[in-house]
Amino acid sequence: MPPQDPWEMALQQFQVAADHLSLKRGIRECLAYPHRELVVHFPVGMDDGSVRIFTGYRVHHSPVLGPTKGGIRYSPEVRLNEVRALAMWMTWKSALMHLPFGGAKGGVTCDPRQLSPGELERLTRRYATEISILMGPKSDIPAPDVGTNAQVMAWIMDTYSMHRGYSVSSVVTGKPISIGGSVGRSDATGRGVMIAAREAARLRGMPFAGSRVAVQGFGNVGEAVARLMHAQGCRIVALSDIYGGIYAPEGLDPIAVRQHARQTGRVEGFPGTEPVSNSEVLERPCDFLIPAAIEGQITGENAARVQAAVVVEGANGPTTPEADAILAGRGVLVVPDILANAGGVTVSYFEWVQDLQSWFWSEGEINEHLERIMVSTFNRVAALAAERRVGLRTAALIAAVSRVADALTTRGIYP
Ligand code: NAD
């Protein structure tokens with residue numbers, strides 16, 4: 001069976017929340033369409049002297065609650081429908097967290113592992129130029145996602161600043177600290193996932209320390225969550241990256257795995273572990289399963305084989321609606337993406353506020369605010385789920401969609 005289209009998935013999830021809210025038809029239609037979509041085809045001079053054309057996207061799903069916010073993805077799988085879905089999820093995530101942002105996402109169809117640093121920089125600067133008609137600190141603020149990092153954000157910030165003639169640090173988040181990035185941002189998504197897992201354990205009456213954890217994806221999100229959960233006394237039994245995974249029932253030290261991955265380019269081959277495929281990582285015995293790679297990983301085909309008691313979605317859209325139903329039927333608790341991985345956009349909001357005010361906070365302040373917002377939002381979603389007798393995903397979407405729908409209704413339809 002072909003994998004489910006992410007945009008179809010996002011729309012299906014939205015319609016469930018819209019039904020619960022009995023949204024009026026006009027509002028429902030408005031929110032079911034992305035507000036604005038930009039597709040760009042642009043040339044990049046390659047190291048061998050040739051010129052290659054790349055395709056990039058920037059989609060604004062909804063600017064109703066504020067400037068649009070969302071990451072930029074570099075991957076061979078980037079398609080318009082994937083960017084649309086990720087943009088819609090950003091609208092709901094920001095609304096759920098009560099951040100003054102709308103939702104956006106961008107991406108370039110490319111394999112960053114096949115590009116030299118120079119090619120990557122030229123691609124980034126040209127893409128940033130192409131989307132600069134939408135981008136701006138008061139209009140649309142990118143951040144890192146799969147295949148991009150703080151260095152890519154630095155090039156985007158520099159390109160935008162060169163066009164303006166002065167430095168505009170608040171145009172992107174997830175930047176290096178030396179150019180206006182925030183302390184605590186690089187771990188923020190992983191830290192938020194760890195907090196969400198800890199709160200899920202509390203909700204379930206499960207011990208957190210000593211619990212077994214499997215993490216799919218060992219990048220910005222997966223590496224941080226594995227390291228932070230390990231520091232909380234959890235046992236990391238499985239890890240993977242795009243090349244494959246490793247399994248060790250007695251537990252792994254994520255810092256040692258990171259060193260190994262830095263040296264060899266992959267987690268596979270870490271001494272004393274059994275090699276497993278990316279899909280096997282999802283099916284190994286564990287208490288917490290944390291998909292932290294890409295969408296559409298837990299599907300109708302494999303959901304029945306997931307052995308975890310709790311799935312905490314570090315990635316966006318890792319569980320299909322069909323898999324959601326199977327997991328719910330088996331009593332597996334799913335902490336949805338728009339809640340579980342919202343620590344990233346929350347600290348991105350702190351970064352933006354610090355840049356706009358040129359007043360920087362300490363790491364203690366950042367982590368304290370993040371902890372408070374994650375815990376209070378988790379409790380709000382859990383209470384709504386109990387009240388409406390729905391899963392955490394539907395509860396989170398109901399809270400988020402109703403906030404955006406209220407704002408849209410209050411603002412009215414222009415003209
Ligand atoms: P990343 O590029 O830093 O890491 C991605 C990891 O997943 C890598 O280990 C990579 O090898 C692996 N991977 C990539 N493609 C894969 C595939 N086809 N199959 C299996 N593994 C694959 O990306 P990231 O920033 O850690 O993002 C991971 C997920 O978390 C994405 O869904 C992203 O949208 C989501 N997310 C990221 C942030 C953030 O702050 N970076 C915030 C919220 C959500």
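All values below come from the heavy atoms of this structure, side chains included, with hydrogens, waters and symmetry mates left out. Counting convention: from 1, in listed order, for ligands and their atoms alike. Residues: numbered from 1 along the sequence shown.
Distance from atom 18 (N) of ligand 1 to its nearest protein heavy atom, with residue and atom name: Ile294 CD1, 3.2 Å. Protein heavy atom in closest approach to atom 33 (C) of ligand 1: Asp145 OD1, 3.1 Å. Counting protein heavy atoms only, atom 37 (C) of ligand 1 is closest to Val221 CG2, 3.4 Å. Scanning all protein heavy atoms for the shortest distance to atom 4 (O) of ligand 1 gives Gly219 CA, 3.2 Å. Scanning the protein heavy atoms around atom 39 (C) of ligand 1, the nearest turns out to be Thr189 OG1, 3.5 Å. Annotation: atom 2 (O) of ligand 1 to nearest protein heavy atom, Gly147 N, 2.9 Å. Counting only heavy atoms of the protein, atom 30 (O) of ligand 1 lies nearest to Gly314 O, 3.4 Å.
Per-residue contacts place Arg73 under 4.0 angstrom from the following atoms of ligand 1 (heavy atoms of the residue considered): 31 (C), 32 (O), 33 (C), 34 (O). Atoms of ligand 1 found under 4.0 Å from any heavy atom of Asp241, numbered from 1 in the order shown, are 9 (O), 11 (O), 21 (N). The ligand atoms of ligand 1 that sit less than 4.0 angstrom from a heavy atom of Phe218 are 6 (C), 8 (C), 9 (O). Each of the following atoms of ligand 1 lies closer than 4.0 Å to a heavy atom of Arg185: 40 (O).
A salt bridge between Arg126 and Glu130 is present, with a side-chain N of the basic residue lying under 4.0 Å from a carboxylate O of the acidic one. The residues Arg198 and Glu371 are annotated as salt-bridged, a charged nitrogen and a carboxylate oxygen being separated by less than 4.0 angstrom. A salt bridge links Asp47 with Arg122: the distance from a Lys NZ or Arg NE/NH1/NH2 to an Asp or Glu carboxylate oxygen falls below 4.0 Å. Between Glu82 and Arg79 there is no salt bridge, since no side-chain nitrogen of the basic residue lies less than 4.0 Å from a carboxylate oxygen of the acidic one. Between Arg125 and Glu119 there is no salt bridge, since no side-chain nitrogen of the basic residue lies less than 4.0 Å from a carboxylate oxygen of the acidic one. A salt bridge between Arg227 and Asp187 is present, with a side-chain N of the basic residue lying under 4.0 Å from a carboxylate O of the acidic one. Ion pairing between a basic and an acidic side chain is recognised when a charged N comes within 4.0 Å of a carboxylate O; Asp287 and Arg204 show no such pairing.
Taking the ring axis of Tyr247 as reference, the NZ or CZ atom of Arg284 stays within 45° of it and closer than 6.0 Å to the ring centre.
Partner of Asp140 under the salt bridge (charged side-chain N to carboxylate O under 4.0 Å, His left out) criterion, chosen from Arg58, Lys105, Lys69: Arg58.
Contacts of Gln297 with ligand 1, taken as heavy-atom pairs under 4.0 Å, are absent altogether. Neither the backbone nor the side chain of Ser75 comes within 4.0 Å of ligand 1, counting heavy atoms alone.
Not a single heavy atom of Glu82 sits under 4.0 Å from any atom of ligand 1.
Nearest-residue assignment for atom 27 (O) of ligand 1 (options Asn278, Asp337, Val146; heavy-atom criterion): Val146. Relative to atom 14 (C) of ligand 1, the option among Asn220, Asn316, Ile242, Thr148 with the closest non-hydrogen atom is Ile242.
Ring pair Phe350/Trp361 is tilted by interplanar angle, where 30° to 60° counts as tilted.
In this structure, Tyr127 contributes its side chain and Tyr57 its backbone to a donor-acceptor pair below 3.5 Å.
Where the criterion is an N or O separation shorter than 3.5 Å, residue side chain and backbone included, Ala293 meets it with respect to ligand 1.
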